[in-house]
Amino acid sequence: AYERTCRYFARKTNSVVVSVGYRLAPEHPYPTQFQDCLTATIHFMRTAQDYGVDPSRIIVCGDSSGGTLTAAVAQALVTRRDLPKLRAQILIYPYLQCVDFNLPSYQQNKGVPILLKERTLALGLKYLNKDLSVIEAILNGSHIPEDLQLKYQKWVNPDYIPHEFKTRGYKPSTTQPLFSKEVYTLVKPMFESVFSPMLAEDSVIARLPETFILTCEFDVLRDDGLLYKKRLEDHGIKVTWCHLQEGFHGTV
């Protein structure tokens with residue numbers, strides 16, 4: 001599916017493009033996918049010159065769940081002193097957080113193909129090999145204990161979404177969700193930064209490379225990109241942002 005896209009990138013940017021054929025869930029359980037991407041990236045960084053590549057100009061890139069993996073790999077590399085620093089990361093409509101499925105973009109685009117609101121969560125739960133019966137509880141926010149809710153509000157908060165993205169039908173939540181310890185225990189891996197890169201600590205975010213983020217107006221994941229952009233910029237990271245006003249998930 002990505003052969004032509006990768007060839008196009010290589011041709012248009014005069015770059016060497018390495019596409020990681022990471023193993024897929026559910027046959028290979030999470031976090032195999034992240035480990036495969038990290039292993040491939042580190043191997044390439046160490047052998048870049050064999051491919052005629054300047055090790056100081058390596059960029060990681062991915063779209064959708066590949067954007068999640070890209071963000072997670074970039075975060076994993078910030079503490080590595082034995083490797084060259086990444087030049088940049090490119091995140092194309094990435095999935096970045098499991099805290100709030102009621103953000104404006106989730107409300108506005110819940111029925112827009114191909115990534116419907118419930119499908120987003122169903123795919124995430126299948127990725128973690130968890131039971132889909134908890135979807136409703138997670139959509140309601142019952143999966144987060146109060147202390148984590150307070151912590152994550154600093155990063156995942158509809159108040160940080162610019163007003164122009166709220167005009168197309170958005171209703172702020174007025175009720176406090178009823179916490180379920182059972183659901184939280186089941187889906188705890190969702191809060192790991194490998195699964196939800198938005199939830200990485202400030203000390204990691206502050207060391208990330210220059211970033212390009214692409215968001216699409218008609219995409220449930222639009223606000224994940226907007227919130228990550230704000231977080232990076234708050235830490236002085238240079239972000240180039242491209243928003244496709246007519247774009248939808250999978251548009252690349």
Side-chain angles (χ1 to χ4, degrees), residues 62-68 71 91-128 130 132-144 148-180 183-184 186-187 189-193 195-200 213-232 241-252:
D63 75 320
S64 193
S65 57
T68 315
L91 310 177
I92 301 170
Y93 37 74
Y95 168 93
L96 297 168
Q97 59 85 30
C98 67
V99 174
D100 191 345
F101 292 97
N102 206 33
L103 291 169
S105 62
Y106 269 108
Q107 287 190 25
Q108 295 159 346
N109 303 309
K110 62 184 179 187
V112 177
I114 52 174
L115 197 61
L116 312 177
K117 178 174 174 174
E118 286 199 13
R119 181 178 290 168
T120 308
L121 193 44
L123 290 171
L125 288 167
K126 282 183 177 179
Y127 179 38
L128 295 173
K130 302 296 181 185
L132 300 188
S133 62
V134 295
I135 284 182
E136 201 57 45
I138 295 172
L139 290 176
N140 292 335
S142 302
H143 61 308
I144 312 175
L148 287 183
Q149 187 83 47
L150 288 169
K151 177 182 179 178
Y152 296 150
Q153 265 180 1
K154 297 180 297 182
W155 309 326
V156 183
N157 194 321
D159 293 348
Y160 300 150
I161 304 293
H163 175 71
E164 62 264 29
F165 293 103
K166 295 177 179 173
T167 55
R168 196 166 48 86
Y170 164 62
K171 287 185 181 167
S173 181
T174 50
T175 54
Q176 190 64 31
L178 200 63
F179 172 61
S180 163
V183 175
Y184 170 65
L186 181 77
V187 302
M190 292 180 91
F191 299 101
E192 295 168 1
S193 58
F195 187 90
S196 296
M198 181 83 74
L199 308 184
I213 298 176
L214 182 133
T215 53
C216 293
E217 179 60 31
F218 299 100
D219 180 6
V220 289
L221 302 184
R222 180 196 71 203
D223 294 350
D224 281 26
L226 295 177
L227 291 171
Y228 205 52
K229 171 182 179 286
K230 180 187 187 305
R231 240 198 121 188
L232 291 166
W241 171 51
C242 173
H243 181 67
L244 300 182
Q245 197 58 49
E246 303 295 322
F248 51 89
H249 196 83
T251 207
V252 161

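Given the structure is predicted, the values throughout are model-derived calculations rather than measurements.
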Point to revise | Listed once per pair and sorted, the side chain to side chain donor-acceptor pair (under 3.5 Å) pairs that draw on residues 217-226, sequence neighbours left out | key: Gln97-Asp224, Ser105-Asp223, Gln108-Arg222, Arg168-Glu217, Glu217-Arg222, Glu217-His243, Asp219-His249

Point to revise | Arg119 side-chain N/O to Ile114 backbone N/O, donor-acceptor pair under 3.5 Å | key: yes

Practice item. Measure from the side-chain N and O atoms of Ser196 to the backbone N and O of Leu199, and report whether any donor-acceptor pair falls under 3.5 Å. Key: no

Check your understanding: Within a reach of under 6.0 Å around CD of Glu118, are more than 12 heavy atoms found that belong to other residues, nucleotides or ligands?
Key -> no

Review point. So Met198 and Val99, side chain to side chain contact (heavy atoms under 4.5 Å, CB included) or not? Walk me through it.
Key: CA-CA 9 Å; Met198 181 83 74; Val99 174; over 6 Å; no

Check your understanding: For Tyr228, what residues pass the side chain to side chain donor-acceptor pair (under 3.5 Å) criterion, not counting sequence neighbours?
Key -> Gln75

Exercise for review: Count the heavy atoms of every other residue, nucleotide or ligand shown that sit under 6.0 Å from CG of Leu178, and state whether that count exceeds 12.
Suggested key: no

Practice item. For Lys117 and Phe101, indicate whether the former's side chain and the latter's backbone hold a donor-acceptor pair under 3.5 Å. Key: yes

Check your understanding: Considering residues at least two apart in sequence or located in another chain, which fulfil the salt bridge (charged side-chain N to carboxylate O under 4.0 Å, His left out) criterion with Lys230?
Key -> Asp234

Check your understanding: What is the distance from atom NZ of Lys229 to atom CG of Leu91, rounded to the nearest 0.5 Å?
Key -> 13.0 Å

Review point. Roughly how far, to the nearest 0.5 Å, is CD of Gln107 from NZ of Lys171?
Key: 8.5 Å

Practice item. Can you measure from CG (Leu227) to CG (Leu103) and round to the nearest 0.5 angstrom? Key: 6.0 Å

Throw together a table of side-chain donor-acceptor distances under 3.5 angstrom for residues 120-127, partners on residues two or more places apart or in other chains.
unit_1, atom_1, unit_2, atom_2, d
Thr120, OG1, Leu116, O, 2.9

Review point. Do Leu221 and Tyr106 come close enough that some side-chain heavy atom pair is under 4.5 Å?
Key: yes

Check your understanding: Out of curiosity, Thr215 OG1 to Leu244 CG, how far, rounded to the nearest 0.5 Å?
Key -> 7.0 Å

Study note, to complete from the structure: Note: Phe191 and His143 closest approach over all heavy atoms is CZ-CD2, 3.6 Å

Review point. CZ/Phe195 to CG/Leu128 distance, rounded to the nearest 0.5 angstrom?
Key: 4.5 Å

Check your understanding: Are any side-chain N or O atoms of Lys166 and backbone N or O atoms of Pro158, one a donor and one an acceptor, separated by less than 3.5 Å?
Key -> yes

Exercise for review: May I ask you to test the Tyr170-Ile161 pair for a side-chain heavy-atom distance under 4.5 Å?
Suggested key: no

Check your understanding: Ser142 and Pro177: which non-hydrogen atoms are nearest, and at how many Å?
Key -> N-CB, 4.1 Å

Review point. Is it true that a side-chain atom of Thr68 and a backbone atom of Tyr95 form a donor plus acceptor pair closer than 3.5 Å?
Key: yes

Review point. Mind checking what makes salt bridge (charged side-chain N to carboxylate O under 4.0 Å, His left out) contact with Lys110, not counting sequence neighbours?
Key: none

Check your understanding: Any side-chain heavy atom of Leu214 sitting closer than 4.5 Å to one from Tyr93?
Key -> yes

Point to revise | With sequence neighbours excluded, residues passing salt bridge (charged side-chain N to carboxylate O under 4.0 Å, His left out) with Glu192 | key: none

Check your understanding: From Tyr160 OH over to Arg231 CZ, what is the distance, rounded to the nearest 0.5 angstrom?
Key -> 10.5 Å

